[in-house]
There are 2 protein chains.
Amino acid sequence: MKPNFHILIYLFSFALFSQKSHDKTNATDDRPNFVFIVADDLGYGDLGFTGSTQIKTPNIDKLAQTGIFCSQGYVSSAVCSPSRAGFITGINQVEFGHDNNLAHSQPGFDPQFLGLPIGQKTIADYLKPLGYISGIIGKWHLGYEDQFHPLNRGFDEFWGYRGGGHDYFTSNPEAKGYMAPIECNYKTPQPITYITDDKGDECVDFIKRHKKEPFLLFASFNAPHTPMQATKADLALYGHIKDSKRRTYAAMVHRLDINVGRIIGALKEYSLDKNTLVVFISDNGGPIDNGSINSPYNGKKGTLLEGGVHVPFILNWPKTLPSGETYSHMVSSLDIVPTFLAFAGGNVKEYPFSGTNLMPYLMKGSKQIPHDNLMWRFTISAAIREGDYKLIRLPDRLPLLFHLPSDISEQHNIALDNLDITRDLLEKLGKWDVSLPHPLFLEGAEWKKQQLYQYNVNYPLIQP
Amino acid sequence: MKPNFHILIYLFSFALFSQKSHDKTNATDDRPNFVFIVADDLGYGDLGFTGSTQIKTPNIDKLAQTGIFCSQGYVSSAVCSPSRAGFITGINQVEFGHDNNLAHSQPGFDPQFLGLPIGQKTIADYLKPLGYISGIIGKWHLGYEDQFHPLNRGFDEFWGYRGGGHDYFTSNPEAKGYMAPIECNYKTPQPITYITDDKGDECVDFIKRHKKEPFLLFASFNAPHTPMQATKADLALYGHIKDSKRRTYAAMVHRLDINVGRIIGALKEYSLDKNTLVVFISDNGGPIDNGSINSPYNGKKGTLLEGGVHVPFILNWPKTLPSGETYSHMVSSLDIVPTFLAFAGGNVKEYPFSGTNLMPYLMKGSKQIPHDNLMWRFTISAAIREGDYKLIRLPDRLPLLFHLPSDISEQHNIALDNLDITRDLLEKLGKWDVSLPHPLFLEGAEWKKQQLYQYNVNYPLIQP
């Protein structure tokens, strides 16, 4: 194979990185900044470039159009906290027992373990010795106890809240849960106005303050997670949508898009846009009950159907990555940490990542693929995708096997017609499953019971 | 249906029990004593009446021949501690999180929960207010912490050890584990000689001391659990067995049988034999590595194949039960508590037993069956038996379905040839499984991993 121009740039850049010092003031330091934007409970089909007919997301669309859209992009869990534990460590969270969302601790489980295990390193831990400053704006959801706090997990700055969600309009110094006060270690946090805008403000300010040093900005939006709350102005823009929940949802995603645009705008304003690697994903699929639509995918948040784990996935880095391409091999949110680390000059091979540095694969002409297969385990379910096939294992029925290229919406279970594939995938999945450690905490028995029903529902598969 | 004589006796007795007081000194108190004899890791085929060609067990055989042999008798777990948690409460232990053996507590699990949950009542708790005295001689294995101690769980007397096994010859005041000292609350325990004999001594003494009051004696033998240690005299009796482990095992079972005979002898000596309900089971199948043989059943301790959970199961009560009968409908070790409680005059319907009072079913002429199905969940496996079919669910393969009457050794998986049955049983099993609470403790990830392999082994199916 003839090495192409992009690969040469990549290899050359990499050689440079590995030799030079990481002095922040080094004028030749052309390592990228990283901006990692995460939407929360976003429906797959609710962006312009993924097919929405109702919601306008020009800024996120443009990010895809000027970068690489990974059309087969997955997260490692179908719910928030474990998905975040995965993508922030680069290790499949079930490999260290973070299988589940953080519920009240169950009888027999030690609440001191209720968070991202302190032995696990985050992307901020990896980037710190390489001279990067790291900030997180928004939702943490990796533990309430102080040992789990983002400022104890490698981040230099935090404006946000420890829990899994927040009210969009109200923050109260006395409140807990969704109305809890904003924590911030670099200023007295302002009263929130509409929290998606407030996060946008903080992201813009972060970029401004750190424009002269290598940085990681983790823009952790809660939009469009419940509670369903939008501004009057945005609701007016979507007044033509009759269903009020869907209307509110659309307005919330619209406001998310505006603030993604503001982040990109700030990068441009400070001439950082060319050399910043921006990644955009959702932490899992839409839960439907927030008004989201995972079209064309079946299922929802909490299931291992595509609608639970297949997410919009964009990498954008004008200086180095191809522009306007679609990458159609499987990639994982677990790849983000090793990818960032490689470009920051770290040695990815030193660490036990489940993910892989994507850059060599994304370059034009690469014949290799990042993953032979991807596997998931969540409460009562487990799944494997290998090549074109995906198998889902549930405790109350025969396995589900889908051929995704011909059945993108997972409507036709072909397990019994393809017993060799079924047996092979079951065996791989089962061996992996039993090799994993015990979960460190669980969500409660009631949640587990609800899981089966979610696989018996007909989900909307086409745009409204 | 014309009620037969036995049922009339039963109903009449029950009416009597429910009206009279439970004064121990009441001369008309003809409620039975209970002697519950449990072997430990006994191979199914290692008794005379279950087909052993090598091991002589005339006393246990006679118990079967003068009582009811339940040929389809099951325990609720394939390993010791959860099986004991099940049969001592009458509730399937997975319904209160006692799924597993007591290992060192795993990260994230609270060691204070490492035992039979203190909210669960034992048979001794049930019998105490009815005027029974309860003693346990031998192995406890339901928690080391004081809150789990048998004397805190309804038992009046304890001669034994809290752990899961014991050395047969040695007990050391300074030692822990298998050499731990014997605990006893009614005397300074004697030095042990051969522990199976010592337990026999204590059982005989218990019967002598309590011959004038209603009692429950739980004779909790460790024979033939490891360590494999027999007396020289017993080894000499089995000198013709070439394999030394099998020879030792045979000698240990022989010695168990002798001491079962001594217990029955003591009942006779004090004229208690007619009105004592004696139950004999093993806590699970033979683990093979102790020299046991589960012939004709496939599998071993730890698996949900018949060799793990199908056990010798005898009820013997000359005064009331038929003699020399074989009962061929499924019964469970979970039935023992409600059966005892009913005959002690308790109201079984007041409590959430998984098991059922067997007595109406065991009477001649009964057309009802005690259980439509039985279900198991153990680490990575789950199983259901309904009627003649048994389905086992494992994470790395399609389900196993066996038709037991035509395939007693579970050699022919007919799941794909009987999809309706497979789907029906999978659905029942899965719905039950996900309805269960979380386990309170686990055995360690390594144990889980070993489980799959056990289903790929060829086990000895015929007597040596």
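Convention: sequence-line order gives letters A, B, ...; per-chain numbering from 1. Basis for what follows: all heavy atoms, side chains included, without hydrogens, waters or symmetry-related copies. Given the structure is predicted, the values throughout are model-derived calculations rather than measurements.
- At a 4.5 Å heavy-atom cutoff, A/L394 makes no contact with chain B through either its backbone or its side chain.
- A distance-only check finds a donor-acceptor pair linking the side chain of A/D125 to the backbone of A/T122 [under 3.5 Å].
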message: Using side-chain hydrogen bond (donor to acceptor under 3.5 Å, both in side chains), reason through A/N413 and A/R397 one step at a time and then give a plain yes or no.
response: CA-CA 12 Å; A/N413 179 10; A/R397 64 196 77 183; over 6 Å; no
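- Side chains of A/Q112 and A/Q147: a donor-acceptor N/O pair is present below 3.5 angstrom, by distance only.
- Salt bridge status for B/D146 with B/R162: present, with a side-chain N to carboxylate O gap under 4.0 Å.
- Ionic pairing of A/E427 and A/R423 is not present here: no N-O contact between side-chain nitrogen and carboxylate oxygen is shorter than 4.0 angstrom.
- Taking both residues in full, the closest heavy atoms of A/S83 and A/S77 are given as N-CB, 3.5 Å, listed atom of the first, atom of the second, then distance.
- At least one side-chain heavy atom of A/Y455 sits under 4.5 Å from a side-chain heavy atom of A/T303.
- Legend: residues meeting side chain to side chain contact (heavy atoms under 4.5 Å, CB included) with B/F109, ordered by chain and number and at least two apart, are A/F109, A/H438, B/S105, B/Q106, B/L442.
- For the options A/L114, A/L398, A/L416, A/T422, heavy-atom pairs under 4.5 Å to chain B are most numerous at A/L398.
- Neither the backbone nor the side chain of A/T379 comes within contact range of chain B, judged by heavy atoms closer than 4.5 Å.
- Put simply, of B/P117, B/P395, B/P439, the one with the most heavy-atom pairs under 4.5 Å next to chain A is B/P395.
- With values rounded to the nearest 0.5 angstrom, B/N101 atom CG is found 6.0 Å from B/C80 atom SG.
- Residues of residues 380-393 of chain A that come closer than 4.5 Å to chain B, counting heavy atoms only, are A/I380, A/R393, ordered by residue number.
- Heavy-atom distances place both the backbone and the side chain of B/P107 under 4.5 Å from chain A.
- Each of A/P399, A/G97, A/G444, A/P437 has some count of heavy-atom pairs under 4.5 Å with chain B, and the biggest count is that of A/G444.
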